[in-house]
Each structure stands twice: as C-alpha cells, then as structure tokens.
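Both backbone and side-chain heavy atoms feed into the values below; hydrogens, waters and symmetry mates do not.
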Amino acid sequence: MSNPNNEFAGKIAVVTGAGAGFGAAFCMRLASAGASVAALDIDEAAAQQTADAITKAGGKAIAAACDVGDDDGVISTIGQIAEKLGGVDILINNAGLHSAEYNIGFVQLGVARSRRLFDVNIMGVINCTLACRPFMAARGGGAILNISSISGYGSGNGYGVSKLAVRGLTIAFSGEFAKDGIRVNAIAPGLIATDKIRADFPPEFFDHFITMQHVKRTGEVQDIVEAMMFLCSDRGGFITGETLKVAGGTTLQI
C-alpha cells in the first residue's frame, strides 16, 4: 500500500467514526501515504473492518471501540493507542450524528436526543482533542481536523447548531494549541453522496441541492478526502483556525 509521495511516512493518525463513510476513506488514504492509522468507531467490528482492509493492502492500522461522548473511555483509548503506535501526530474528529433524524428543530428533538447529539458532535470533539493534545505536543506538534458542515452556516436545526459549535471549537483550539505547534482546522462538507446519505435522502433531494451549487455535480467522498490530505499535511502548514467549505459553491457570501 504505497504512494509515490509517501508524505505521511512516520506519522500516526487517529480517526474517529472510522467504520464507514468519510472516516473509512480518510483511514485508507492516510495509510496509502505512509501513516500508521488508528481506526476508532463506536462499532468495533466496523472499525476492525477498516483496519483489516488497510493491513490487507500492506498498510499499518489498528482498530478500537470508542464512544467519543464517553469522557473516560476516550482518555483510556487514546492513551492505549499512543502507547501502541508511539504517539499521535494527526487527529481527525469525524465521528458524528448526522442522519435525517437530527436535521430537525429542538422541539422535535427533545432534551434526550439533543443531549446525545451534543455529546457526540460537540463533546466528542472536545474529548478527543484534549486527550490527543499531550501526545501531539510531545512529538513537536501536529494537525487536528474537525468535520463540520455547511449546515453550520445558517441552519436553525439541532444538527446545524452542533456543527456551528464545531467551527467555534476549531477557532478556540487553534489559539490554545498554537504554542504546542498543533494546527487545528475544519472542513464543512456540502451534500456528499456517502452510502448513508444516499440511504437517508431520495434522488430528487440531490437534484434539488445541485441547483443551489455553482459546481453542477454531486459531491463525492473523494472531494472531502483531498481537502483532508491538504490540511493535514505540511502543504497546509500555514493554515490554522480555518473552516474550509467543500460544497461546490453552496452558501457563498460576500
């Protein structure tokens, strides 16, 4: 499993929500560029499937079960990963609740589901970021990438508010971690045709969304992977605290 550039050789990457979608694709691409990858997911079997695919292709990966909303569990899991792999250089906070179930107002969500949404989408970012920071600082710095959403730009529903918070956390952590040599950025994907999103929404929803984009095609997982590779690499070394919209021109403003 090789890449001519091998730009992540010697790097150790932790990816949450790695059992499917963006997370699995992030793991595969980072490993193909030389990184050792820890695939984390609340579904341990799914995380193991991602890790197995990487090792079968000649890469290096381990898997672990992790509920990012579980404070103590995250600390324990990250500590074990750092011990096994030798530290942490890259963290991708990808785990999140994002189905149609959470793209509704707070009245419909209710207190219990709102709390779970925020535990995963907001506290999950905080938990994993704080747990990884000392290991990244010990290696001289690193890169953290949060997955936000264009729903964080103007959406008034529960999911949108959670992703607005991710943008805020990206700015806050970039300032706090600068002294450690750690860059913190985010990607705000538009409507991307993952298997889960295709299952949640009908084809006409995609057709309508494309009419609001400047780039008249469906967003693909690879579009997000390419942005991730740039922001997590030395090529993005002068960028921190930013949220990059990868959405075909949706929600552009002056």
Side-chain angles (χ1 to χ4, degrees), residues 1-18 22-23 25-40 54 59-61 78 81-82 85-95 124-150 152-153 163 165-190 192 219 221-247 252:
M1 194 165 193
S2 62
N3 183 300
N5 295 322
N6 213 30
E7 66 179 336
F8 289 92
K11 300 295 186 181
I12 299 163
V14 175
V15 181
T16 68
F22 293 157
F26 292 156
C27 289
M28 295 294 293
R29 184 60 181 277
L30 286 165
S32 76
S36 297
V37 175
L40 275 57
I54 290 170
K60 184 175 181 180
I78 296 299
I81 288 168
L85 298 182
V88 180
D89 298 297
I90 297 164
L91 167 65
I92 302 182
N93 284 309
N94 170 70
V125 172
I126 295 171
N127 287 338
C128 294
T129 298
L130 292 178
C132 284
R133 186 202 65 79
F135 299 108
M136 299 176 83
R139 286 172 65 85
I144 296 173
L145 183 67
N146 302 322
I147 303 303
S148 180
S149 169
I150 60 164
Y153 293 84
K163 290 305 185 178
V166 171
R167 288 171 51 208
L169 289 172
T170 299
I171 294 170
F173 279 129
S174 71
E176 286 194 50
F177 290 6
K179 64 182 182 298
D180 298 316
I182 301 170
R183 297 184 299 107
V184 186
N185 290 295
I187 293 172
I192 306 297
V221 172
Q222 188 64 20
D223 295 315
I224 308 305
V225 171
E226 292 298 336
M228 175 277 293
M229 290 291 283
F230 174 72
L231 288 172
C232 289
S233 73
D234 291 341
R235 289 175 289 141
F238 198 55
I239 304 171
T240 194
E242 301 290 350
T243 296
L244 173 64
K245 287 186 279 187
V246 184
L252 286 178

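Side-chain contact check for P189 versus F22: some heavy-atom pair is nearer than 4.5 Å. Between L40 and V15, the closest side-chain pair of non-hydrogen atoms is not below 4.5 Å. L91 has its side chain within reach of C128: a pair of non-hydrogen atoms, C-beta onward, lies under 4.5 Å apart. Side-chain contact between I187 and M228 is present, with at least one heavy-atom pair separated by less than 4.5 Å. For the pair V246 and E226, the minimum side-chain heavy-atom distance is 4.5 Å or more. Annotation: side chain of F26 is in contact with side chain of I147 (closest heavy-atom distance under 4.5 Å).
Listed for the N185 side chain is a donor-acceptor partner under 3.5 Å among the backbone atoms of E242. Under a 3.5 Å cut-off, the side chain of S36 and the backbone N or O of K60 do not form any donor-acceptor pair. Between the side chain of T129 and the backbone N or O of I126, no donor-acceptor pair lies under 3.5 Å. Checking side-chain atoms of T16 against main-chain N and O of N94 turns up a donor-acceptor pair under 3.5 Å.
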Verdict with supporting geometry, F8 and M229, side chain to side chain contact (heavy atoms under 4.5 Å, CB included): CA-CA 9 Å; F8 289 92; M229 290 291 283; 3.5 Å; yes
For C132 and I144: C-alpha separation, side-chain torsions, deciding distance, then whether side chain to side chain contact (heavy atoms under 4.5 Å, CB included) applies. CA-CA 9 Å; C132 284; I144 296 173; 5.7 Å; no
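In summary, E176 and R133 do not engage in a salt bridge, as defined by a charged side-chain N under 4.0 Å from a carboxylate O.
For K245, the NZ atom counts as densely surrounded, since its 6.0 Å shell holds more than 12 non-hydrogen atoms of other residues, nucleotides or ligands.
The heavy-atom pair separating L231 from L145 by the smallest distance is CD1-CD1, 3.8 Å. When every heavy atom of L30 is checked against every heavy atom of A13, the shortest pair comes out as CD1-CB, 3.9 Å. A227 and L244 get closest at one heavy-atom pair: CB-CD2, 4.0 Å. Of all non-hydrogen atoms in C232 and I90, the two that sit nearest each other are SG-CG2, 4.0 Å. The minimum heavy-atom distance linking G124 with N93 is given by the pair O-OD1, 4.2 Å. Contact record, T243 with A188: CG2-CB, 3.8 Å, taken as the closest heavy-atom pair.
Note that R183 lies outside the cation-pi zone of F173, set by a 6.0 Å cut-off to the ring centre and a 45° limit from the axis.
Between the CZ atom in F135 and the CD1 atom in I78 there is a gap of 8.0 Å [rounded to 0.5 Å]. Atom CD1 of I182 sits about 11.5 Å away from atom OG of S174, to the nearest 0.5 Å. The structure places OH of Y153 at 6.0 Å from OG of S148, a figure rounded to the nearest 0.5 Å.
T170 and N146 share a side-chain donor-acceptor pair at under 3.5 Å.
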